[in-house]
Amino acid sequence: MGSEINAGPMCVLVTGGSGLVGKAIEHVVQKEGGKHEGEQWIFLSSTDADLVDVGQTRAVFEKYRPTHVIHLAAKVGGLYLHMRENLSTQNVYIRDNIKINDNVLQTAHDMGVTKVVSCLSSCIFPDKTTYPIDETMIHNGPPHDSNFGYSHAKRMIDVQNRAYFQQYGHRYTAVIPTNVFGPYDNFNIENGHVLSALINKTYKAKKEGTPVNVCGSGAPRRQFIYSLDVGRLIIWVLREYEEIDPIIVSVGEEDEVSIKEAVDMIAQALDFKGKIQFDTTLSDGQMKKTACNSKLRRYLPDFTFTPLKEAIKMTCDWFMTNYDTART
Ligand code: NAP
Ligand code: GDP
């Protein structure tokens, strides 16, 4: 790794360390030998510092003096949260996320952080595009309307990474995960992403003997990736990946499934035998956003992704065991 400034063991600051992806990285670090001897890993939540605020960002960096940063913190939400807020507060998504990203990257620069790995998302890709989408196509046209604020703010991370390299030679890079799910996700029915919202809906429907209401037609297709796989891959990127250009972190195109197929897996995992109905008056959002993982495969031809059915089952089991403390 380009560790010309910090030669000793890494001190890794993980922003957004209390979220879905942050908790997965913490698990890999603590339970799967992801931490090397002498290293320090710090997982931040918004209560440690509101990263929208530059003073709080500087204070938390000064407290821990990281050599490396994994930057996950973001104001995020599923399709329907984005669409609702589109009408009134889409501007908040742009401004808060731009501020968070700029505060983190510039403070990292000011404090001589060797490497930053930030998190983009496959929903920031152009809406009108050819498929599969790859890393070179991020800026080739406007993103989907439903989350344009979040998407434009995220795209700027890639622009800033290039600028920090050009001007200072910093190795600040980014990963582009497709749809992530797993333990510690936001399982809120109104605001969550599709799998977590549907796991909660199905769990409730089973308890109450009611049907599960799936939003939209069930036809849109997504590449779902288990959060622990994302955690393992982000740690690999931190240690091994030398490029500034981002890398898509996703299962293959052949593993893309429809929302309907995913709901059926949830029903099976929760042993739900009731009715599943599709509310076609609600938006489908992007019909697909198929991403190409060939770059990742060139680096890691043998990486094994957790099979979707197995990962959904583990997430359902986690949700039921942790229902009282899960984000619902
Ligand atoms: P998440 O579960 O919603 O967690 C968000 C994290 O950001 C939490 O730790 C939260 O802290 C922190 N945060 C939010 N606002 C903050 C602020 N103003 N100051 C400091 N911290 C703040 O999100 P996630 O799903 O793990 O997402 C992590 C990253 O992956 C994000 O950058 C997201 O865009 C990207 N991503 C996610 C997906 C997905 O499907 N979930 C897909 C692709 C990319 P609190 O817990 O204190 O609120
Ligand atoms: P996206 O992948 O960025 O569009 O975000 P989501 O994780 O919110 O997934 C949205 C897709 O799942 C759309 O096709 C929705 O129609 C579908 N979907 C079905 N039921 C739900 C639900 O209960 N919540 C959410 N967020 N999406 C749902």
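Whatever order the structure lists ligands and atoms in, that order sets their numbers, starting from 1. Note that the coordinates shown come from a computational prediction; the quantities given were computed from them, not determined experimentally.
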For ligand 1, which atoms, with element, lie under 4.0 Å from some heavy atom of [X]?
X: V52; result: 18 (N)
X: A49; result: 19 (N), 20 (C)
X: K154; result: 31 (C), 32 (O), 33 (C), 34 (O)
X: S121; result: 43 (C), 44 (C)

* Where's the contact between K23 and ligand 1, heavy-atom distance under 4.0 Å: side chain, backbone, both or neither? ->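 Contact part for K23 vs ligand 1: neither.
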* Asked: Does H193 have its ring centroid less than 6.0 Å away from the ring centroid of F181?
  ->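 Ring-ring flag for H193/F181: false, centres at least 6.0 Å apart.
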Identify which of [options] has a heavy atom lying nearest to [atom].
atom: atom 23 (O) of ligand 2; options: K201, R222, H144; value: K201
atom: atom 28 (C) of ligand 2; options: I199, V194, L282, D284; value: V194
atom: atom 14 (C) of ligand 1; options: G19, A73, A74; value: A74
atom: atom 20 (N) of ligand 2; options: S151, C215, S258; value: C215
atom: atom 8 (C) of ligand 1; options: C119, P177, G17, S18; value: S18
atom: atom 42 (C) of ligand 1; options: V21, V104, D50, T178; value: T178
atom: atom 48 (O) of ligand 1; options: G22, S118, G16, S46; value: S46
atom: atom 34 (O) of ligand 1; options: Y150, F224, F181, F43; value: Y150

At a non-hydrogen distance cut-off of under 4.0 Å, which region of [X] contacts ligand 2 (side chain, backbone, both, or neither)?
X: S217; result: neither
X: Q286; result: neither
X: L195; result: neither

* Indicate the atoms forming the closest heavy-atom contact of I138 with L120, along with that distance. =>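 Distance-wise, the nearest heavy atoms are CD1-CD1, 4.2 Å.
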* To do: Taking the six-membered ring of Y323 (Phe, Tyr or Trp), confirm whether the NZ or CZ of K207 is under 6.0 Å from its centre and within 45° of its axis.
  =>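 Output yes; distance and angle both within limits.
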* To do: Please indicate whether any nitrogen or oxygen in L72 is less than 3.5 Å from any nitrogen or oxygen in ligand 1.
  =>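 Yes: some nitrogen or oxygen of L72 is under 3.5 Å from one in ligand 1.
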* Asked: Between N161 and T173, is there a donor-acceptor pair closer than 3.5 Å when you use the side chain of the first and the backbone of the second?
  -> yes
* Asked: So is S283 close enough to ligand 2, meaning a heavy atom under 4.0 angstrom away?
  ->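 Distance cut 4.0 Å: S283 passes for ligand 2.
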* In the protein, which heavy atom is nearest to atom 23 (O) of ligand 1, and how far is it? ->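 Looking at atom 23 (O) of ligand 1, the protein heavy atom closest to it is V76 CG2, 3.7 Å.
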* Starting from atom 44 (C) of ligand 1, which protein heavy atom do you reach first, and at what distance in Å? -> L120 O, 3.1 Å
* Name the orientation class of the two ring planes belonging to H152 and F148 (parallel below 30°, tilted from 30 to 60°, perpendicular beyond 60°). =>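 Ring orientation of H152 relative to F148: perpendicular.
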